[in-house]
Protein chains: 2
Amino acid sequence: MSLRNALLALLMVEPMTGYDLAKRFGSSVGNVWHAPDSQIYPELRRMAQDGLLEAEEVPFGRKGRKIAYSITEAGRQSFREWMDSDLQWARDRDPMHLRAAYFEYASPQRAREQLLAYREHTRQIQAAWQQQIDEIDAGTSAPLARRLSTVPEAEHHRTAAFKRFTYEGLVARAEAEIAWADRGLQLLAELYPEQLSAGSPA
Amino acid sequence: MSLRNALLALLMVEPMTGYDLAKRFGSSVGNVWHAPDSQIYPELRRMAQDGLLEAEEVPFGRKGRKIAYSITEAGRQSFREWMDSDLQWARDRDPMHLRAAYFEYASPQRAREQLLAYREHTRQIQAAWQQQIDEIDAGTSAPLARRLSTVPEAEHHRTAAFKRFTYEGLVARAEAEIAWADRGLQLLAELYPEQLSAGSPA
DNA sequence: TGAGCCATGTAAATAGTTACATGATTAA
DNA sequence: TTAATCATGTAACTATTTACATGGCTCA
């Protein structure tokens, strides 16, 4: 259901084609909710069937065609209802922590490599989130600018504040994960002083 | 695939029935990988079919029966291979942060209630994780005791250290989420001074 | 004898992943 | 004219959720 609402959130701002939405999932909303093209296209058609969206086929070039989706009043209401509904918390399902709990079954070298890879991966997504914050602060955030253009001036500050707040939380969480990976690397170095003497943990 | 490996991890220590495994998912491994009974029972049968487990039907009482699963050598090897394999990172899919990004569409009251509920929920799972740490430190952790009984004495320290390390990370991450919720409550109070004047954010 | 837990499941639906398939447009 | 990117999908599979179904055991 969240994919549907993530799509509605984007379409609250402006109509878009499936392709635009799929690409946008690689940047703005994709930072909090990933979805591949192959999930987006069918979902959009279902949403149109359910009356949440209106689909309009737009020709382009000689023979090209694309489908522009715009949100209907039913779609707007559905999104607002979701925003007011209680969330059900996702249960924990975390491969990296599951694995770390059983590191004694792995070789220290592999454990170390995995922590390094996890730290690197986390740093990368953290950088992407931080960039969103920087762009919001600099006033160069394209997604935010689009959103603000549909909102009365008096609400601009709040709208920007919520977006920034969201990314702050993600950056802080990533920071905790990076610190955790660092502690793990340190722990490995302490527990296996000989095997890991060659590589520096940091 | 992680469910399978979470089950293998438990069965590396000792044979268990489906019921035992399902219950254990409510405490030890369930802290990092949740799975309902209805997913566990079929998965165990599939794993037995694949030769990773041996199933033995054990009668109990007059007509009762249960199925004890023990890990086979193929199962042990499969688990070790998984432990050495690279993890593919789960994409971000986070309903609470998705929602927070669009809080301007919710009423400040509902936004506040949702942050309070999220903080409370996070505190609860954090407390469960912290309890695991306390039990490890006190030497009263039943799951750890079971694990240690199958491991040479020289490895006890390391085994305990990895378990503790895992839960430390989860506690720290929860701490970051709680701090984020606090910042959100503060932000709401600042953005909507009149509407929220009645309730204290903390 | 009834409540609560032990024990194992099935069915149906939804969600998500991976790999593949097809063709058009645009700019170098 | 070819590479990149625009544009939309299908098929097959795996994972997960939700709700339901069945019956035995144990203790008060």
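By convention in this document, chain letters (A, B, ...) are assigned in the order of the sequence lines, proteins followed by strands, and residues within each chain are numbered from 1. Just the heavy atoms: all of them, side chains too, but no hydrogens, waters or symmetry mates, feed the values below.
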Between [X] and [Y], does any side-chain N to carboxylate O distance fall below 4.0 Å?
{"X": "B/R99", "Y": "B/D94", "value": "no"}
{"X": "A/R4", "Y": "A/D50", "value": "yes"}
{"X": "B/D137", "Y": "B/R164", "value": "yes"}

Phosphate OP1/OP2 of C/dT10 contacted by B/R45 side-chain N/O (<4.0 Å) =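 Indeed, a polar side-chain atom of B/R45 lies that close.
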Nearest-Å distance for atom pair [atom1]/[atom2], residues [X] and [N]:
{"X": "B/Q88", "N": "C/dA19", "atom1": "CD", "atom2": "P", "answer": "9 Å"}
{"X": "B/K23", "N": "C/dA7", "atom1": "NZ", "atom2": "C1'", "answer": "9 Å"}
{"X": "A/R65", "N": "C/dT22", "atom1": "CZ", "atom2": "C1'", "answer": "11 Å"}
{"X": "B/K66", "N": "C/dC6", "atom1": "NZ", "atom2": "C1'", "answer": "8 Å"}
{"X": "A/F25", "N": "C/dG16", "atom1": "CZ", "atom2": "C1'", "answer": "13 Å"}
{"X": "B/Y41", "N": "D/dC20", "atom1": "OH", "atom2": "C1'", "answer": "15 Å"}
{"X": "B/Y19", "N": "C/dC5", "atom1": "OH", "atom2": "P", "answer": "9 Å"}
{"X": "B/R4", "N": "D/dT16", "atom1": "CZ", "atom2": "P", "answer": "12 Å"}

Would you indicate which nucleotide in [options] comes nearest to any side-chain atom of [X]?
{"X": "A/Q39", "options": "D/dG9, D/dT17, C/dG16", "result": "C/dG16"}
{"X": "A/F60", "options": "D/dT16, D/dA7, D/dG24", "result": "D/dA7"}
{"X": "A/D20", "options": "D/dT8, C/dT17, D/dA7", "result": "D/dA7"}
{"X": "B/T17", "options": "D/dT10, C/dT10, C/dT8", "result": "C/dT8"}
{"X": "B/I67", "options": "C/dG9, D/dT5, D/dT10", "result": "C/dG9"}
{"X": "B/H34", "options": "D/dT8, C/dG9, D/dT17", "result": "D/dT17"}
{"X": "A/D37", "options": "D/dT8, D/dT17, D/dG24", "result": "D/dT8"}

NA contact type, [X], heavy-atom cut-off 4.0 Å: base, sugar-phosphate, or nothing?
{"X": "A/R91", "answer": "nothing"}
{"X": "A/E57", "answer": "nothing"}
{"X": "A/R46", "answer": "nothing"}

Check for a donor-acceptor pair, side chain of A/W180 on one end and backbone N or O of B/F165 on the other, with a separation under 3.5 Å.
->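 Between the backbone of B/F165 and the side chain of A/W180 there is a qualifying donor-acceptor contact (under 3.5 Å).
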Select from A/G64 and B/R93 the residue whose nearest nucleotide in DNA chain C is closer to the 5' end of that strand.
->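 Residue closer to the 5' terminus by nearest nucleotide: B/R93.
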Closest heavy-atom pair and its distance - B/K163, B/S28 =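 Here B/K163 and B/S28 meet closest at NZ-CB, 4.5 Å.
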Passing option when A/M16 is tested against A/L44, A/L11, A/I71 for side chain to side chain contact (heavy atoms under 4.5 Å, CB included) |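 So the option named by the test is A/L11.
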So, does the side chain of B/S38 form a donor-acceptor pair with the base of D/dT18 at under 3.5 Å?
->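 Flag set: donor-acceptor pair detected.
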